[in-house]
Amino acid sequence: MSPQITPIADTAQDLELSERILTPDGTRIANPQLDAYVADVDAAQLRALHRDMVILRRIDAEGVALQRQGQLGLWAPCQGQEATQIGTARALAPQDYVFPSYRETGVIYARGAQPGDYVRMWRGEEGAGHDSTALRVAPLQIIIGAQTLHAVGYALGISHEGADEVAVAYFGDGATSQGDVNEAMIFASSYRAPVVFVCQNNHWAISEPVSVQSQYPIAGRAPGFGIPSLRVDGNDVLACMAAMRWALDHARSGKGPAYIEAVTYRMGPHTTADDPTRYRQEGELEAWRRRDPIARLEAHLKSLGELGEEQFAETQAAADAVAKEMRAACLGMTTRPPLAVFDGVYAEPHTGLERQRSEYAAYLATFEGEA
Amino acid sequence: MSPQITPIADTAQDLELSERILTPDGTRIANPQLDAYVADVDAAQLRALHRDMVILRRIDAEGVALQRQGQLGLWAPCQGQEATQIGTARALAPQDYVFPSYRETGVIYARGAQPGDYVRMWRGEEGAGHDSTALRVAPLQIIIGAQTLHAVGYALGISHEGADEVAVAYFGDGATSQGDVNEAMIFASSYRAPVVFVCQNNHWAISEPVSVQSQYPIAGRAPGFGIPSLRVDGNDVLACMAAMRWALDHARSGKGPAYIEAVTYRMGPHTTADDPTRYRQEGELEAWRRRDPIARLEAHLKSLGELGEEQFAETQAAADAVAKEMRAACLGMTTRPPLAVFDGVYAEPHTGLERQRSEYAAYLATFEGEA
Amino acid sequence: MTELTLGKALGAGLRQAMKDDEKVVLLGEDIGRLGGVFRITDGLLDEFGATRVIDTPLAESGIVGMAVGLAFRGYRPVVEIQFDGFVYPAFDQIVSQVAKLHYRTQGRVRMPITIRIPWAGGIGAAEHHSESPEAYFVHTAGLRVIAVSNPEDAYRSLRQAIASDDPVIFFEPKRLYHHKGEVDLEAPLADAPPMGLARVVRPGTDATLITYGAMVSTALQAAEAAEDEGISLEVIDLRSLSPVDYDSVAASVRKTGRVVVAHEASREAGVAAEVIASITERCFEYLESAPLRVTGHDVPYPPAKLEKYHLPDLDRLLDAVDRVLDRPNSLTGAEA
Amino acid sequence: MTELTLGKALGAGLRQAMKDDEKVVLLGEDIGRLGGVFRITDGLLDEFGATRVIDTPLAESGIVGMAVGLAFRGYRPVVEIQFDGFVYPAFDQIVSQVAKLHYRTQGRVRMPITIRIPWAGGIGAAEHHSESPEAYFVHTAGLRVIAVSNPEDAYRSLRQAIASDDPVIFFEPKRLYHHKGEVDLEAPLADAPPMGLARVVRPGTDATLITYGAMVSTALQAAEAAEDEGISLEVIDLRSLSPVDYDSVAASVRKTGRVVVAHEASREAGVAAEVIASITERCFEYLESAPLRVTGHDVPYPPAKLEKYHLPDLDRLLDAVDRVLDRPNSLTGAEA
Ligand SMILES: Cc1ncc(C[n+]2csc(CCOP(=O)(O)OP(=O)(O)O)c2C)c(N)n1
Ligand SMILES: Cc1ncc(C[n+]2csc(CCOP(=O)(O)OP(=O)(O)O)c2C)c(N)n1
Ligand SMILES: [Mg+2]
Ligand SMILES: [Mg+2]
């Protein structure tokens, strides 16, 4: 093996250097590698993907609004990443299991989240926003990268059982620097575990551009661990779906892990607590606005004559309805009673904690009847 | 970027698949990539390398013997890895700084260790066997992989000062699975730090064959992080020296980190506490005996007519002398007094610990005069 | 009853747990063909195969993180950390994931993970091989912490830990691995005392000596030595460090009024501090003297040749006993 | 004297430390252009440049490990951990390297590393953003642990921590970042009280209330409320958690005979346990009632809407004060 250097990624050209099917202006181009994976996607399905993305953007906007109105403690917007999330999540089979980070609103949406699921955690009501078993999605993960190892463990179980399932880990570009994410690739490769790694490279980890984490394309790391990878235009929903189908097929057929880097962009702040004007240029944002994932599919559908006014209006109405339900669910939430602070620490009685609980109950009782 | 898989390493053929200058029978072959780096190495220098390796093997044998005789708590033999350690360490400049694991006896030897330095830690006298400042070698590191990050931090300092120095991290094949080692590559790459990573792939991490850590050549990982790498025959001292000079040059000239995987073999047990017959076949050992690094250089020198009887005898005598000094230093060590248990915890007084120390001193004093 | 070493008893416990429940899988470095560096898993690879006895890459965070994923899928992973000092790379996964996921999900996701840790000093080992990190885990809500002191307890507690639906950090005193004792391999688990209970290993009346792990035998020696001087010590083996069985502890303290708590771990914010604070809260009016701690010093674990000056031994225990009994002793001398 | 928020005081402390010693370098996530998510390092990148204010890849073990390497080369690295809950991935580097290297090398290798941790709860944050992990570090020999409670102390202690040749874990109560106070930016560091000392923030005679960090103000409120009922509380701000200034603590306890120790961290084997065990050892004969703890419960930090039932507040402090004073109160009721 000789000295070799992976080519330096040109971040300005990042998107152009990745696999795509739809160009930013909505033109469909041939992609010999990916086309086969979306050969079955007809106009109706394209419209469904469009609808998903519009609804997701609406959910996201509602999340931001609810936070601004003091209803949520925090919200992590995914605007700009709709194609990545919808494209990959719509490729999943029902039996697959997802280990997300905190920004995968689109993934839990696609897995069938209830309106309240989007906000329950951000509102501070519960530690997990949705029912993991029902959605087959682990609780949102805030510890950067930790979930990737969980996905590998889960996948090891799948493979030992010979089940027809895949575990999927979502994480960001920043996460790729964490030891855990690298260990996850190593373990997955050693065990040939049926796991798909989806790195959403949205170009920023809070204020740090992706070049702080890597001066080279992130997808280039996986092959060194023996994991095939694809670098895909994350604002092209078709390419994302195709890439994900390739990866899932690979994992499902016993060939081991696969890795996708979806090159996209976080259009909003890191979270509602963040002020991106402190660290990034309006020009960069502007350039990415022209690559908007929804506008792109819209242009494509329109060029096919497949997105009429009526359809458009119906989609908007559906999105508003979801947002309304989400808001109602949020506002309708009641906080659990004080003693709930002790609930669920252990599955079996723990004498120390039980004593604390009863002492605290007795203490609380002294306030009863007080104003 | 397209789906790609690094070729599966054929561990049986591992050595053949790496860069070399001397074949196992001692024949010198042309290596266009490496030759230039050892063009200056004449017969006298080759003899010096041979001498180093013989002395190192003798030191190692003495370590094992001292442990068997109850003089050391443990010893981690490096037999079989002499070419890797001597070849790379002899390429260092005096001002370079090494962050070793626990098996780099050859490296601390080459950096000018005193006889007692080899054993002081293994005997349990002190936490670090040698004076780091004097040798420019950090204390032996037992936490697998932790030292690689230290090397990167040190190298960042070098680069900010513009100093003509390189930091070097040594670690094993098993260590490559640790998060820290991967983070070290990431940080080194992002900062283009002047650090050289030397992975001694000795095929085993205690009982686990390297295939548990990686089913693909370890050197193949570095390029994905933007770090050029070389996979070198670790039993070929010339190739190791050449590769290390390449890597050091690369780092020293401001191009950032470089990575070497030296493919070698641990001929002995993991440590004196290990019983390798439980997990590896005699046949494998036999195959590697035929690739012995010392025998190889001997054969080469003899074919050049450069290793006479006299020279050979002198080398053996020198090795015996070092071993004797080492033994004498070991047996002559006196354990520090009981209160030394408190020494050096803090650089500045810590009231809590000072109190404990004086209480313990008072307690010990009560035994004074007792039988 | 069978005579087994503590190490063999642990192996028997693992084997039985794996037979009882096919969801039990073992993960760790060198636990397969080698049977672990302490041979605790010896023979299990042959018996249960490589899908249940899993040699892992060398990365503790990876091992525990993978165990979390297996738990999500309904497994009961049993992790072996090779030595106490190597648990720290897994600390984040243990503290932020293993300990919290059940709470975060209000019990919808269970983490029945057992993390076995060959533990503590006294074996003349190299750096990082003699740590006593139990207090870190005791302080971490969501975990249970067990420390065993003899083969019978090791066999039973390990099976209980694995059967528990909660995560358990399971400490195995390395220096007792070769100590022998009688083990009843046939006794049904259901008949065993629950995992969280302490045990009075020697009843006494003058003072209570509380400890756990390998120091239980030192405490028993101390009790014997004290008996020669006419002092009756009650010795309590805590067995469970989270929860601590304060009912048993308090019962003893109410009887004796005098307490020494001992462990190898260093002192500041260690388990002994917890035990003494709790005893003081619960039994203040029964205390006849200040409860004392006998612990490792607040120093990193020292090099092997100095460890005997770090580890509490018989003399240091007896010295503390003298002091809680207000007897003239080494420190207070004739003044007391 | 200048009026500054605690956050700005920390920034001023960093700036001064960087001016005083060019070997001081800052490392962390988002500390450069953004100035940190709490803006503590705001402006420092512009002032000192990218070789001294270093944005790092997103990996805490990497950050601390790199700081160790910089210390080997004679630097004084100051690490910012973004939030308390993100220090755990660095635990191994902190416990096995930062804390031990000076000891292992008998002082030949120094680790003058300061690890700043925005800390604790009460700000309605998401999961993993409200942790109180100080006991882990207090239990770790080789580290010093500081917890500040006001701008003046923050400014001074941070400079002392950075100037110290020992590693310091430096806790900054997030919920006080915007609290203002007078800071003497010009006072020479040499004139300041040493880093390890506690401070009596309010003298009193009936009972001693011991705490640190953001709870110091809660304790002061409690003292005021108690005064209305004719009870005189002495409030101690520990400031340093390792070492704890037991001379000051003991002096107070000898005077009052009654003690409450409070913190947000959970109870089992927490800092309060340590303080109470030490007080009991040193002042047993002066104690008139059992020292009590008021702490977070032994649960993982709860979701934001429940945190007020977790964090000790004025009422819980007063309740405990009543109990150590043997006054009828919520728990003991009329019985006491
Ligand atoms: C272990 C850990 N360290 C730090 C943080 C703080 N933090 C939250 S999000 C974030 C950036 C993550 O960037 P990336 O992985 O690219 O994901 P993105 O937010 O862009 O989706 C950081 C540093 C954290 N949550 N966990
Ligand atoms: C963090 C950590 N985990 C586990 C160990 C136990 N251990 C010591 S050496 C070793 C194998 C190391 O293998 P490798 O990196 O290939 O180095 P080699 O011993 O072959 O030189 C293991 C698992 C350790 N020292 N540190
Ligand atoms: Mg990102
Ligand atoms: Mg090896």
Side-chain angles (χ1 to χ4, degrees), chain B residues 73-74 76 102 120-128 139-140 142-146 172-181 205-208 212-214 270-271 273-275 278-280 333 335-345 350 352-353 356-357 359-360 362-367, chain C residues 29-39 42 54-63 65 82-83 85-86 88-90 92 123-130 266-268 294-311 315-316 319-320 323 329-333:
Chain B
L74 197 73
Y102 43 84
R120 199 170 284 109
M121 188 188 93
W122 299 117
R123 190 174 162 90
E125 298 290 0
E126 297 187 13
L140 301 189
I142 283 178
I143 301 298
I144 300 293
D173 47 298
T176 61
S177 292
Q178 282 286 8
D180 275 7
V181 176
I206 309 187
S207 75
E208 298 187 352
V212 173
Q213 322 293 339
S214 184
H270 170 69
T271 63
D274 179 42
D275 172 11
R278 287 182 67 101
Y279 54 80
R280 72 183 183 189
M333 280 176 191
T335 298
R336 289 177 287 155
L339 283 176
V341 80
F342 293 97
D343 286 351
V345 181
H350 183 284
L353 191 61
Q356 277 184 28
R357 185 196 180 101
E359 281 177 5
Y360 190 62
Y363 165 78
L364 288 177
T366 64
F367 293 94
Chain C
E29 297 158 6
D30 304 291
I31 65 167
R33 198 151 356 145
L34 184 62
V37 296
F38 294 106
R39 309 290 185 267
D42 197 17
I54 306 170
D55 262 341
T56 63
L58 206 177
E60 289 76 11
S61 187
I63 300 169
Q82 197 161 81
F83 273 87
F86 311 146
Y88 306 126
D92 179 55
I123 58 163
E127 302 287 313
H128 308 290
H129 287 74
S130 305
S266 58
R267 177 149 46 165
E268 272 190 280
V294 183
T295 68
H297 310 300
D298 285 321
V299 305
Y301 200 87
K305 293 271 182 180
L306 297 181
E307 73 179 340
K308 61 173 169 292
Y309 308 117
H310 176 66
L311 295 174
D315 285 336
R316 283 177 66 196
D319 171 72
R323 284 185 286 141
N329 69 53
S330 57
L331 283 187
T332 50

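Remember, predicted model here, so these are calculated numbers, not experimental data. Per chain, numbering begins at 1; letters A, B, ... match sequence-line order. Excluded from the calculations below are hydrogen atoms, water molecules and symmetry mates; all remaining heavy atoms, backbone and side chain alike, are included.
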Check: Within a strict 4.5 Å, meaning less than it, do heavy atoms of the C/Tyr88 and B/Ile143 side chains meet?
Finding: no
Next item on the list: For C/Ala126 and B/Trp122, work out which heavy atoms get closest and say how close.
Entry: CB-CZ3, 4.4 Å
Notebook entry, point to check: Which atoms of C/His297 come close to chain B, meaning under 4.5 Å heavy atom to heavy atom: side chain ones, backbone ones, both, or neither?
Noted result: both
Note to self: Going by side-chain hydrogen bond (donor to acceptor under 3.5 Å, both in side chains), name the residues that satisfy it together with C/Arg267, two or more places apart in sequence or in a different chain.
What the structure shows: none
Next item on the list: Before giving the answer on side-chain contact (heavy atoms from CB on, under 4.5 Å), spell out for C/Arg316 and B/Tyr360 the whole-Å C-alpha distance, their side-chain angles and the decisive distance to 0.1 Å.
Entry: CA-CA 10 Å; C/Arg316 283 177 66 196; B/Tyr360 190 62; 4.0 Å; yes
Checklist line | Option that, when pairs with chain B are counted at under 4.5 Å, heavy atom only, ranks first among C/Ala125, C/Gly32, C/Ala304, C/Pro57 | finding: C/Pro57
Notebook entry, point to check: Relative to chain B, which of C/His310, C/Arg39, C/Glu60, C/Lys308 shows the most heavy atom pairs under 4.5 Å?
Noted result: C/Arg39
Note to self: Quick check: closest heavy atoms across B/Gln213 and C/Leu58, and the distance to 0.1 Å?
What the structure shows: OE1-N, 2.9 Å
Checklist line | Interchain contact, B/Arg123 with chain C, by part (heavy-atom threshold 4.5 Å) | finding: both
Note to self: Within the 4.5 Å heavy-atom criterion, are C/Thr56 and B/Val212 side-chain neighbours or not?
What the structure shows: no
Next item on the list: Hey, could you give me the OH/CG distance between B/Tyr279 and C/Asp30, rounded to the nearest 0.5 Å?
Entry: 8.0 Å
Check: Is chain C contacted by the side chain of B/Ala175, its backbone, both, or neither, given a heavy-atom distance below 4.5 Å?
Finding: backbone
Next item on the list: Looking only at non-hydrogen atoms, find the nearest pair between B/Arg278 and C/Asp42 and report the distance.
Entry: NH2-OD1, 2.8 Å
Check: Looking only at heavy atoms, what is the nearest atom pair of B/Gly124 and C/Pro303, with distance?
Finding: O-CB, 3.1 Å
Checklist line | Atom pair CZ (C/Arg33) and CD1 (B/Ile206), whose distance is rounded to the nearest 0.5 Å | finding: 14.5 Å
Next item on the list: Could you grab the distance from atom CZ of C/Phe83 to atom CD1 of B/Ile142, nearest 0.5 Å is fine?
Entry: 10.0 Å
Checklist line | Closest heavy-atom pair and its distance - C/Ala59, B/Ser177 | finding: CB-O, 3.3 Å
Notebook entry, point to check: Roughly how far, to the nearest 0.5 Å, is NZ of C/Lys305 from CZ of B/Arg336?
Noted result: 12.0 Å
Next item on the list: Pick one of side chain, backbone, both or neither for C/Gln82, based on which atoms fall under 4.5 Å of a heavy atom in chain B.
Entry: side chain
Check: Do you know the tightest heavy-atom contact between B/Val345 and C/Pro300?
Finding: CG1-CD, 3.9 Å
Margin query: Within the structure provided, determine whether B/Ile144 and C/Phe86 are in side-chain contact (heavy-atom separation under 4.5 Å).
Written below: no
Notebook entry, point to check: What is the distance from atom CG of B/Leu74 to atom NE2 of C/His129, rounded to the nearest 0.5 Å?
Noted result: 7.0 Å
Notebook entry, point to check: Of the backbone (N, CA, C, O) and the side chain (C-beta and beyond), which part of C/Glu268 lies under 4.5 Å from a heavy atom of chain B, both, or neither?
Noted result: side chain
Next item on the list: Please round to the nearest 0.5 Å and tell me the distance separating atom CD1 of C/Ile31 and atom CD of B/Glu208.
Entry: 9.0 Å
